[in-house]
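Quantities reported herein were computed from a predicted structural model and do not represent experimental measurements. Naming convention: chains lettered A, B, ... in sequence-line order (proteins, then strands); numbering from 1 in each chain.
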Number of protein chains: 2
Amino acid sequence: MTVLFSKKCEYALQALLFMAEYRHEGPLSAERIATHLDIPKEFISKILQSLTKSNIVISQRGKAGGFRLARLPEKISLMDVVENIDGLGVFSDCLIGHPSCNPEAPCPLHHSWAPLRSQLKHLMEKTHLGNFIPGQTLNQLPDETTV
Amino acid sequence: MTVLFSKKCEYALQALLFMAEYRHEGPLSAERIATHLDIPKEFISKILQSLTKSNIVISQRGKAGGFRLARLPEKISLMDVVENIDGLGVFSDCLIGHPSCNPEAPCPLHHSWAPLRSQLKHLMEKTHLGNFIPGQTLNQLPDETTV
DNA sequence: GTAATTTCGGATAAAAAAGTCCTATTTTAA
DNA sequence: TTAAAATAGGACTTTTTTATCCGAAATTAC
Ligand code: SF4
Ligand code: SF4
């Protein structure tokens, strides 16, 4: 098992982090991304296609084509990616898959897990691709009021 | 996907919680457990066999046989179960499956995830089957110094 | 314009996880 | 003593996830 996300989702995140770092080199081909991450080219292709459909990346066919981020790395949250690939179940489903749970009387686990889960959710929402770009000490968006 | 644990592990936890609650009725058969949880009998049988080998439950063959907890519900932590079924990877593996990670310079995710993960670990360690038994307000072990 | 390169998308294959089946063995109630 | 009931364990099947293949369409460098 992976930790929290499917392999698809892990690869998507890895690919996007790579694309964020190298976004100035023009579109990156699936081939190059696959080589860099050491994962199958055909698999990451499919994943990138899916990210294209959900407007997280933009694809370009033909020679010198490839994929690039659809917007600033500071504008793509990890949650955007997780939601697109795995969905939001991880932030809402029962930790032990219990079928007969009475929400009125949550079990002892719930009281402790719910806050953790909510922190996790917040973490994925507040963390953006931009936060991972090396050598960029200030990975924040310009203050909207001053722009 | 499940949230954090495999289905095997979820079922194991569900079964053990049930066994803790009904531990006074003698051994519970795989059949009865499966019916109660509405999961396949053959599947939970295998899981219980595994739990037997790791001394979390005790099995008894023959008529009126079945499974019962190997020790007090207060003495079986959720971590005992998770460790036996899924292993401890979830508490140590990289959240995004990143292959090339320099532990000297952890990524931005790590700083936020590590504490959550450690809280999660602690939660699983401190929560015991005994904490789930209904109608039992005091689900703690007797103070060792007074016993 | 043409050839090279790349994504698109459907089909298929392999691997892993989940679920099922069957027989042997053990135990006990009657 | 015997039949019923239960676990043990190996083999097998199905489903889901992960991975691969291939032809068509698009784009661009030349
Ligand atoms: S209360 Fe317990 S059983 Fe119910 S959803 Fe929360 S963790 Fe699951
Ligand atoms: S630092 Fe980042 S990439 Fe490395 S193990 Fe932690 S989460 Fe994964």
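Two residues are said to be in side-chain contact when any heavy atoms from C-beta on lie closer than 4.5 Å; A/Glu74 and A/Leu129 fail this criterion. For the pair B/Met19/B/Leu48, a side-chain contact is recorded, criterion being any heavy-atom separation below 4.5 Å from C-beta on. Between A/His128 and A/Ser77 the shortest side-chain heavy-atom distance falls below 4.5 Å.
Summarising the geometry, the separation between NZ on A/Lys53 and C1' on C/dG10 is reported as 11 Å, rounded to the nearest angstrom. When rounded to the nearest whole Å, the span between CD1 of B/Ile47 and C1' of C/dT20 equals 13 Å. Straight-line distance from the CZ atom of B/Phe5 to the P atom of C/dA17: 16 Å, rounded to whole Å. If you take CD1 of A/Ile44 and P of C/dT6, they are 16 Å apart, rounded to a whole angstrom. The CD atom of A/Glu42 sits 13 Å away from the C1' atom of C/dT7 (whole-angstrom rounding). The CZ-P distance, from A/Arg32 to C/dT5, rounds to 17 Å in whole Å. As a whole-Å value, the separation of B/Lys7 NZ from C/dT20 P is 11 Å. As rounded to whole Å, 18 Å separates atom P of C/dT6 from atom NZ of A/Lys46.
The shortest non-hydrogen separation linking B/Asn131 to B/Lys126 is OD1-O, 3.9 Å. B/Ala34 and B/Pro40 make their closest contact through CB-C, 4.1 Å (heavy atoms, listed as atom of the first residue, atom of the second, distance). Scanning all heavy atoms of the two residues, the minimum distance from B/Gln14 to A/Ile96 falls at NE2-O, 2.8 Å. Nearest approach of B/Met1 to A/Leu4, heavy atoms of both residues: CE-O, 3.4 Å.
Remark: side-chain polar atoms of A/Gln119 are not paired, donor with acceptor, to backbone N or O of B/Leu116 under 3.5 angstrom.
Residue A/Ser6 is in sugar-phosphate contact alone, with no base atom involved, counting any heavy-atom pair closer than 4.0 Å across all strands shown.
Here chain A contacts DNA chain D (any atom closer than 4.0 Å to a heavy atom, that is under 4.0 Å), and the contacts span D/dT18 to D/dA29 from 5' to 3'.
The nearest heavy atom of DNA chain D to B/Thr52 and to A/Lys8 marks one nucleotide each, and the one closer to the 5' end goes with B/Thr52.
A heavy-atom distance below 4.0 Å to DNA chain D is reached by these residues of residues 55-69 of chain B, ordered by number: B/Ser59, B/Gln60, B/Arg61, B/Gly62, B/Lys63, B/Gly65, B/Gly66, B/Phe67.
Scanning for side chain to side chain donor-acceptor pair (under 3.5 Å) contacts around B/Glu25 gives B/Arg32, with sequence neighbours left out.
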